[in-house]
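For reference, the structure is listed below as structure tokens.
Just so you know, these numbers come straight off a predicted model, no measurement behind them. Labels below follow one simple rule: chain letters A, B, ... track the order of the sequence lines, proteins then strands, and each chain is numbered from 1.
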Protein chains: 2
Amino acid sequence: MEERTPRRPRIADVAREAGVSKTAVSFAFNSPDRLAPETASRIREVADSLGYRPHPVARMLSQRQTHTIGVLTPQALSVIFSNPFFGAFSEGVALAAEQEGYALHFISPLHGSLSRAMDHATVDGVVVVGLSAGHPEVEQIRAAGVPLVMVDSSALPDQPGVVIDDEGGARAAAEHLVSLGHRDILIIGVEPPAPALELDPEGVMGRRLRGYQTGLAAKGIKLDPSSVVVEPASIEGGLVALHRAWGSGLRPTGVLVMSDAMAIGVLRAARELGLRVPEDVSVVGYDDIDVSQHVNPPLTTVHQPIRRKGESAVRLLLSVVQRRDHDPQQLRLETRLIVRASTGPAPRRRQEVDRVRG
Amino acid sequence: MEERTPRRPRIADVAREAGVSKTAVSFAFNSPDRLAPETASRIREVADSLGYRPHPVARMLSQRQTHTIGVLTPQALSVIFSNPFFGAFSEGVALAAEQEGYALHFISPLHGSLSRAMDHATVDGVVVVGLSAGHPEVEQIRAAGVPLVMVDSSALPDQPGVVIDDEGGARAAAEHLVSLGHRDILIIGVEPPAPALELDPEGVMGRRLRGYQTGLAAKGIKLDPSSVVVEPASIEGGLVALHRAWGSGLRPTGVLVMSDAMAIGVLRAARELGLRVPEDVSVVGYDDIDVSQHVNPPLTTVHQPIRRKGESAVRLLLSVVQRRDHDPQQLRLETRLIVRASTGPAPRRRQEVDRVRG
DNA sequence: CCGGTTTGCTAAACCGGTTTTGTAAACCGG
DNA sequence: CCGGTTTACAAAACCGGTTTAGCAAACCGG
């Protein structure tokens with residue numbers, strides 16, 4: 001005997017079965033104190049026996065809240081998840097969200113359009129990561145009245161946000177290389193999601209680039225535009241980047257990489273090119289992801305508190321979502337250079353050239 | 001002049017402003033061909049000028065679909081995201097989801113309860129990862145009529161699912177160590193999410209354990225229960241695991257680790273203990289995450305197609321969500337041992353001892 | 001024992017859309 | 001020019017809950 005299309009029980013079913021009104025059933029679940037204790041428990045029993053669960057979407061609609069926060073990125077999730085940085089960031093986001101009982105919804109371009117994705121997203125607020133402040137999508141979100149906090153964006157002062165000292169960290173990295181005697185520097189950056197997009201000077205990568213330049217300029221090193229290459233922020237991207245630079249004739253002794261994931265790829269590319277790290281070439285990463293200290297050689301990099309960044313962003317967001325509305329708050333976290341084993345004194349130039357020739 | 005509480009425009013506002021019915025507005029967005037072209041475009045113009053966007057939750061409610069798929073895990077997201085394995089898996093999930101225009105919602109225990117989290121989740125279907133088939137939560141989902149596909153679970157044959165050959169991979173790993181002369185083996189497993197839970201013999205870790213045991217038993221090696229230790233699936237967990245084992249007097253020459261993240265921690269612990277890898281101790285991981293080939297030394301491990309697993313799971317799920325309903329399909333993906341540099345011949349002394357014994 | 005408050009529940013409105021059903025007007029073949 | 005079909009839109013029902021307004025009975029102080 002088959003059950004006949006076992007439709008999901010609705011609140012009306014429970015009400016009928018228990019001989020009460022829909023209101024009473026709703027009360028039984030949401031504010032039992034407004035019902036006589038016996039009534040409440042009887043309703044719950046009936047509900048249980050019917051296998052009734054309030055329909056989450058209906059609940060969202062009438063309550064006007066979803067208990068969900070969104071993480072919005074301009075890049076496809078399938079690419080951004082390949083960077084352990086994002087995993088760690090999500091870890092922080094998830095930690096704070098879970099503590100407050102919020103679920104997590106990831107929002108990435110839908111059929112190429114971020115707005116469309118945003119239009120379909122059912123969230124009480126969003127953490128925006130990797131998008132600069134002026135972005136139209138960001139305006140759209142604000143216009144829709146959805147609270148947001150910007151991460152890694154030199155946000156307008158009227159929006160809450162959390163940033164790190166990208167420029168300072170980058171400068172420290174550059175100075176470190178310079179002080180080791182490096183003069184031929186290659187910079188590897190992260191490719192912006194939309195190919196047409198220029199490297200946004202106000203974005204993370206723009207700020208890091210400025211930091212590098214400042215650090216180098218202090219010792220009188222000027223940067224040729226050709227010695228800045230960009231690729232996607234992944235191990236693979238880093239691998240490709242160094243190979244490309246090398247292929248186009250560049251022979252740096254020091255490489256500043258804007259992402260640890262890429263730096264790991266650079267380490268590998270170096271090995272494939274027959275270069276020893278750090279004897280022949282030094283590499284400095286950025287982010288200090290978990291594995292950076294475990295790669296070969298352990299990576300010198302700029303540390304940033306990734307998890308804390310995610311956590312703080314969510315706390316900030318929830319403080320405005322829940323109308324605990326302090327004025328828009330800006331949080332700034334620090335970076336610091338961590339010297340491990342992927343950097344060393346610059347090789348004497350002659351030596352390097354000879355070895356590669358031979 | 002302040003705008004007066006700029007309420008979000010509703011469909012009724014657009015209808016009034018354009019002098020048409022709600023129906024017409026809805027048609028203008030969803031089936032413009034049912035309207036005269038001029039009418040449709042006029043409505044859209046009005047809608048634009050008002051900044052109208054269909055309310056996603058309302059739309060979900062009446063359409064009875066959310067265009068969202070859930071990823072359900074019994075562990076807190078804040079812990080599971082720390083394992084690069086999950087990042088890669090999510091990458092695959094996201095890839096397939098994005099292609100089909102589905103958003104991603106992560107479901108993890110809400111205030112300790114998975115059911116509660118599931119009750120609040122607004123998804124068209126879920127990918128269940130790391131939960132075995134018999135689990136009550138899984139039954140609850142099925143009862144609620146939500147399509148699901150189980151990943152890494154020896155599912156009942158009436159549920160779609162994707163699994164890998166955990167046992168075969170594990171056996172290969174064990175045989176590899178044995179063939180190198182190792183006789184004193186330590187096994188490091190992943191701690192189940194609920195502390196009370198026993199190591200589920202039907203779960204991933206149970207299957208891998210069986211594989212290890214089979215591989216060892218073939219060469220007459222019996223496993224003492226004390227040489228199986230479990231910790232959380234993270235770098236930190238692996239680190240702790242080896243230290244604990246060592247502290248309790250175990251002196252293995254070969255370590256079989258059920259997760260690469262943990263294996264990386266083991267490599268570090270070995271270094272801290274003054275052990276050289278692979279000269280003093282050999283380590284075999286499991287999963288073959290991206291960084292495994294970049295750590296020091298490059299990790300010998302059991303490869304599984306992580307991304308493809310996520311991707312396949314979503315495709316399977318969507319095929320039932322969209323009523324393209326083939327009968328519940330089971331997908332089985334292969335594993336293979338990848339020998340890198342973290343394994344080598346068992347150290348001489350022990351080998352000799354064993355030879356004499358044998 | 002009377003007027004006011006509290007208790008316990010219901011009826012109706014509402015959240016913001018989509019979908020079904022209905023209906024005038026236009027079209028159309030014979 | 002008449003009956004039947006399309007076309008183009010509107011009215012109403014519906015999705016499945018919550019929330020507001022309201023009402024009868026019980027309680028309660030004076």
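- No donor-acceptor pair under 3.5 Å is formed between the side chain of S26(A) and the backbone N or O of K22(A).
- One cannot find a donor-acceptor pair under 3.5 Å joining the base of dA8(D) and the side-chain atoms of T39(B).
- At a threshold of 4.0 angstrom between heavy atoms, the contacts of L61(A) include nucleobase atoms, whether or not backbone atoms are also involved.
- Looking at I43(A) and F27(A), their side chains never come closer than 4.5 Å, going by heavy atoms from C-beta outward.
- At whole-Å resolution of the value, CZ in F29(A) and P in dT18(D) are 9 Å apart.
- No contact: V57(A) has no heavy atom under 4.0 Å from any strand.
- Protein chain A contacts DNA chain C from dC9(C) to dG16(C), reading 5' to 3' and using non-hydrogen atoms of the protein with a distance under 4.0 Å.
- Atom CD1 in I11(B) sits roughly 15 Å away from atom P in dC9(D) (whole-Å rounding).
- Atom P of nucleotide dT18(D) and atom CZ of R10(A) are separated by 14 Å, given to the nearest angstrom.
- Nearer the 5' end of DNA chain D, as judged by each residue's closest nucleotide, is the contact made by A36(B), out of P54(A) and A36(B).
- Taking 4.5 Å as the limit, every side-chain heavy atom of S153(B) sits out of range of all side-chain heavy atoms of V163(B).
- A cation-pi arrangement is not found for R10(B) relative to Y52(B), the charged atom failing to lie both closer than 6.0 Å to the ring centre and inside a 45° cone about the ring normal.
- For the pair M60(A)/H120(B), no side-chain contact is recorded, criterion being any heavy-atom separation below 4.5 Å from C-beta on.
- Note on Y52(B): only backbone sugar-phosphate atoms sit closer than 4.0 angstrom, heavy atoms only; bases stay farther off.
- When each of V129(B), V149(B), V127(B) is paired with V162(B), the side-chain contact (heavy atoms from CB on, under 4.5 Å) condition holds for V149(B) and for no other.
- Where R64(A) and G19(B) meet DNA chain D, the nucleotide closest to each residue was compared, and G19(B) sits on the side nearer the 5' end.
- Within the structure, a side-chain polar atom (N or O) of S26(A) is placed less than 4.0 Å from OP1 or OP2 of dT18(D).
- Distance CZ (F27(B)) to C1' (dC9(D)): 8 Å, rounded to an integer number of Å.
- Candidate nucleotides dA11(D), dT18(D), dT19(D) were compared by shortest atom distance to the side chain of T23(A), and dT19(D) ranks first.
- A cation-pi geometry, defined here as NZ or CZ lying under 6.0 Å from the six-membered ring centre and within 45° of its normal, does not hold between R307(B) and F89(B).
- Base pairing annotation: dC1(C) forms a Watson-Crick or G-U wobble pair with dG30(D), both donor-acceptor distances under 3.5 Å.
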